[in-house]
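Residues take their numbers from the sequence shown, with the count starting at 1. Keep in mind that the numbers below use all heavy atoms, side chains included, and drop hydrogens, waters and symmetry copies. Computed from a prediction, not measured in an experiment: that's the story for all the values here.
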Amino acid sequence: GAHWGGRGPADLVARRPVPMAEAGDDDDDMAAAIAMSLGGTAAPAAAAAPRELSDAERAVAELRSEAAEALERAGTVKILFTLLGNVVKSPEEDKFRKVKLSNEKIARALASRGAEALMLAAGFSKAGDFLELAGAAEAAAAGAKKALDALTAAFGSFALAAHLRLQAQPRCVCALPSGGFASGASDNRVRVHRPGMWESPRVLAGHESLKGVSGVFAVCPFGEGEEDLASSGRDGRILLWRGATASVALTGHGVGIDLTNAHTISSLARFEDGTLLSGGWDKTARTWSNEKQVAMMQGHTVAVNAVAALPDGIAATGSGDQSIGIWRHGERLRSVLAGSPVRALCACGGSLLASATNDGCVRLWDVALGQQLAQHKASSDYILSLAFCPESRTLAAGAADGSVTLLRLESGGAGATLARMSAGLQHCGEVYGLAFLASGDLVAACGDSSLAVWTRDPARAASPALQQDFAARAAALATASQANSAPAAAQGGGNWDFTFPVTLGGREMFLQWNRGESAEAIAARFISANSLDAGQHTTDVVAFVQKAQAQSAAGGAGGGGGGGGKEFNYPVEVADGRRLTISWNRGDDPQMVAVNFARQHGGIGADELPDIVNFIQQVSGSAPAPMMVQQAPPPMSEAAQQEAMMQVMGMGFDEGRARAALQAANWNIEAAVMQLL
């Protein structure tokens, strides 16, 4: 039930191609590991007749077949942008309508495959030692813009198009055949966003909380309608949506299994024939057709975090046991030793498969040849999501540090490689899901409860003010993350009447005030000191302070909210996002209050207990001074230690390894699992 998302040292990275092991090979040496899933991939659209490419798009496709290094050396892309852009801006200028082929730089650039063809597609014609553009200025500008648009779609830089704030944390996203996208969030809601109406999504309610946990973890297009889709999450159900109605609920994952979170369905994908593929924390993957389970794939020793559907009915499954399974019709063909717990998978055309792992690496595999083709270190943090755009051959990798690395898939087959593109994209929270849309735009589902839409089309870009504001906040959070929450440590001291530990966006902070201060002034100081977004957080901070002040003014008595007549009753938000009420009487042992609160509500990790104890002590006035960040947490009771052991063992670790890791981590569950990973 605890939320795993902490950062840790990257695993060692393999330096040579890793062969696939045939089914039945001994994999006892694979480390058992669990990781919170995300597996956002670009979902396949409903079957449709392929669109015929324009001359400009065919020329750009040829251009993409050239190696990135060769294009860079020749300056091809930069020169093409300049030549075409000049005509678009000033189509009446003769100097832009006549290109001298004997110019050394231009000749070298246009020698690349597809480069001259793109100029011809723009309307230029060859006349001796020149490329010339005839006709009226308006027609010349139109032809050049079509060619420039095709070039931009493949090689242009991304700019922010929209930043959509949600009421809950989005955990997944997928493209829809309509040109829009769907997202799933921690509030059990699915949101369908339509082109041109990103800010007003259609909200689908159907998933429910189960055993105290909530959230939609996977979405993918499924059905005949352009907005029909499938969604899955922590309630053990796959919902098939027809319009705004969940017409069918598929169940099976976690049924009859007594393991922590075994009912969570972490990932979905769709085969070309319409068969649905799912993966879950019950260590299985399953295929579904005609609303019935067709096959179940077993063999992973830890949770399945990601799935991908490849041609010819080939299924790929990625697990916390550091392996990728390759299956056909429910039978395992072979397994890949991935080198680290797998977080995401992505089909990249034909037999090519990309994987993302906890060591920050993106690996490219050919499942037909049975070998790893390429590897790229994309981040020093976990890679949580992948998406592939076949038109531009761009692979996007989203990380826990908020970065998105853009990689270009070079060549194909056994010679395929991954080349880093010039610029990445920084976000304001973990990138839990990614999807390329039909337009070529990229959508990111972020841990700051927002969705970011990126575009290569200048016409769809957001205002400069919005882009600058987003970039500034993303940069600030990246800096704060790198500084390991230094401002929070500094704020923890001082003489305050009230001190409350707060976690926002992975940062630990303290909300502090003295008696007599207004809630508005307290909120303003807290938001300013921690460089937070006032528009997003002021209302919540003021409401919390007012509630705490009201309880204090009443002497801690009364209360409601399920307090059952206790002297202290406070609304709190735990790590998984649930809003609960904690209640106790003056003189109660804070450690036992915390343990009983965790037992009552379930899904609260033992690593949260020290913060709960600290909260109780501060509110009760039993703590001699506000707890400093540097202080060690109070010793855990035997009952709390046993609770921690049960949680870690329930994830697939044996008793000896679980106890050793917990003891080494001072019984902090998240730190222990980081070691085991």
**OP:** Take Thr394 and Leu407 through the test side-chain contact (heavy atoms from CB on, under 4.5 Å) and record every step on the way to the result.
**Re:** CA-CA 6 Å; Thr394 302; Leu407 304 172; over 6 Å; no
Original post:
Counting only N and O atoms by type, is there a donor-acceptor contact under 3.5 Å from the side chain of Gln169 to the main-chain atoms of Gly447?
Top reply: yes
Subject >> Separation of Arg408 CZ from Glu410 CD (nearest 0.5 Å) >> reply: 4.5 Å
Subject >> Donor-acceptor pair, side chain of Arg334 and main chain of Val367, under 3.5 angstrom >> reply: yes
**OP:** Walk me through it: do Thr357 and Arg363 pass the test side chain to side chain donor-acceptor pair (under 3.5 Å)?
**Re:** CA-CA 9 Å; Thr357 44; Arg363 295 174 174 87; 2.9 Å; yes
Original post:
Say you draw a straight line from CE of Met296 to CD of Gln293; how long is it, rounded to the nearest 0.5 Å?
Top reply: 6.0 Å
**OP:** Output yes when a side-chain donor or acceptor of Lys377 lies under 3.5 Å from a complementary backbone atom of Asp359, and no otherwise.
**Re:** yes
**OP:** Compute whether any side-chain donor of one residue and acceptor of the other, for Arg234 and His263, lie under 3.5 angstrom apart.
**Re:** no
Original post:
Would you say Asp321's side chain and Ser323's backbone share a donor-acceptor pair under 3.5 angstrom?
Top reply: yes
**OP:** Ignoring hydrogens and angles, tell me if any N or O in the side chain of Asn188 forms a donor-acceptor pair with the backbone of Gly215 under 3.5 Å.
**Re:** yes
Original post:
Can any side-chain N or O of Ser266 pair as donor or acceptor with the backbone N or O of Val304 at less than 3.5 Å?
Top reply: yes
**OP:** Check the side chains of Ser380 and Asp401 for a donor-acceptor pair under 3.5 angstrom, ignoring hydrogens and angles.
**Re:** no
Subject >> Residue pair Cys446 / Gly429: nearest heavy atoms and the distance that separates them >> reply: CB-O, 4.4 Å
**OP:** Side-chain contact test, heavy atoms from C-beta onward, threshold under 4.5 Å: evaluate it for Pro221 versus Pro177 and give yes or no.
**Re:** yes
Original post:
Got Val213 and Asp235 here, is their nearest side-chain heavy-atom distance under 4.5 Å?
Top reply: no
Original post:
Do Met297 and Arg332 come within less than 4.5 Å of each other through their side chains, counting heavy atoms only?
Top reply: no
Original post:
Do the non-hydrogen side-chain atoms of Glu643 and Trp667 ever get within less than 4.5 Å of each other?
Top reply: no
Subject >> Closest heavy-atom pair and its distance - Arg191, Pro201 >> reply: CB-CB, 3.9 Å
Original post:
Is Thr317 reaching over with its side chain to a backbone N or O of Ala285, donor-acceptor style, under 3.5 angstrom?
Top reply: no
Original post:
Hey, does the side chain of Arg393 reach the backbone of Leu409 with a donor-acceptor pair shorter than 3.5 angstrom?
Top reply: yes
**OP:** Indicate yes or no: at least one non-hydrogen side-chain atom of Ile324 is less than 4.5 angstrom from one of Leu345.
**Re:** yes
**OP:** For His376 and Arg420, run side chain to side chain donor-acceptor pair (under 3.5 Å): C-alpha distance rounded to whole Å, both residues' side-chain angles, the deciding distance at 0.1 Å, then the answer.
**Re:** CA-CA 8 Å; His376 187 92; Arg420 192 181 190 116; 3.3 Å; yes
Original post:
Which heavy-atom pair separates Leu229 from Ala182 by the least distance, and what is that distance?
Top reply: CD2-CB, 3.7 Å
Original post:
Looking just at side-chain N and O atoms, do Ser403 and His427 make a donor-acceptor pair shorter than 3.5 Å?
Top reply: no
**OP:** Mind running side-chain contact (heavy atoms from CB on, under 4.5 Å) on Leu434 and Val404 for me, showing each step along the way?
**Re:** CA-CA 9 Å; Leu434 288 168; Val404 169; 4.0 Å; yes
Subject >> Ile265 versus Ser232, closest heavy-atom pair with distance >> reply: O-OG, 3.1 Å
Original post:
At their closest point, which heavy atom of Val362 faces which heavy atom of Ala397, and how far apart are they?
Top reply: CG2-CB, 3.7 Å
Subject >> Nearest-0.5 Å distance, OH of residue Tyr432 to CZ of residue Arg171 >> reply: 4.5 Å
**OP:** Determine, for Arg189 against Asp187, whether the closest basic-nitrogen to carboxylate-oxygen distance falls under 4.0 angstrom.
**Re:** no
Original post:
Is a side-chain donor or acceptor of Ser379 paired with a backbone partner of Ala399 at a separation under 3.5 angstrom?
Top reply: no
Original post:
Are side-chain N/O atoms of Ser247 and Trp241 paired as donor and acceptor at under 3.5 Å?
Top reply: no
Subject >> Gln647 CD to Gln642 CD distance, which is reported to the nearest 0.5 Å >> reply: 11.5 Å
Subject >> Close side-chain approach of His193 to Leu164, heavy-atom, < 4.5 Å >> reply: yes
Original post:
Ignoring hydrogens and geometry, is there a side-chain-to-backbone donor-acceptor pair from Asp282 to Gly254 under 3.5 Å?
Top reply: yes
Original post:
Listed by chain and number, what are the side chain to side chain donor-acceptor pair (under 3.5 Å) partners of Asp273, not counting sequence neighbours?
Top reply: Thr275
Subject >> CD1 on Ile383 to CZ on Arg343, rounded to 0.5 Å >> reply: 10.5 Å
**OP:** Under the side-chain contact (heavy atoms from CB on, under 4.5 Å) rule, what do Trp281 and Phe217 come out as? Steps first, then yes or no, please.
**Re:** CA-CA 12 Å; Trp281 290 1; Phe217 273 16; 3.8 Å; yes
Original post:
Who passes side chain to side chain donor-acceptor pair (under 3.5 Å) against Ser449, sequence neighbours left out?
Top reply: none
Original post:
Does the side chain of Ser289 come within less than 4.5 Å of Leu276's, by heavy atoms?
Top reply: no
**OP:** Could you tell me whether the side chain of Trp365 reaches within less than 4.5 Å of the side chain of Leu352, counting heavy atoms only?
**Re:** no
Original post:
How far does SG of Cys220 sit from CG of Leu277, to the nearest 0.5 angstrom?
Top reply: 9.0 Å
Original post:
Any idea which heavy atoms bring Ile326 and Ala316 closest together, and the distance?
Top reply: CD1-CB, 4.1 Å
**OP:** Check the pair Leu662, Met645 against side-chain contact (heavy atoms from CB on, under 4.5 Å), reporting the backbone distance first and the verdict last.
**Re:** CA-CA 8 Å; Leu662 284 164; Met645 284 285 295; 3.8 Å; yes
Original post:
Between Asp366 and Ser351, do the side chains contain an N or O donor and an N or O acceptor separated by less than 3.5 Å?
Top reply: yes
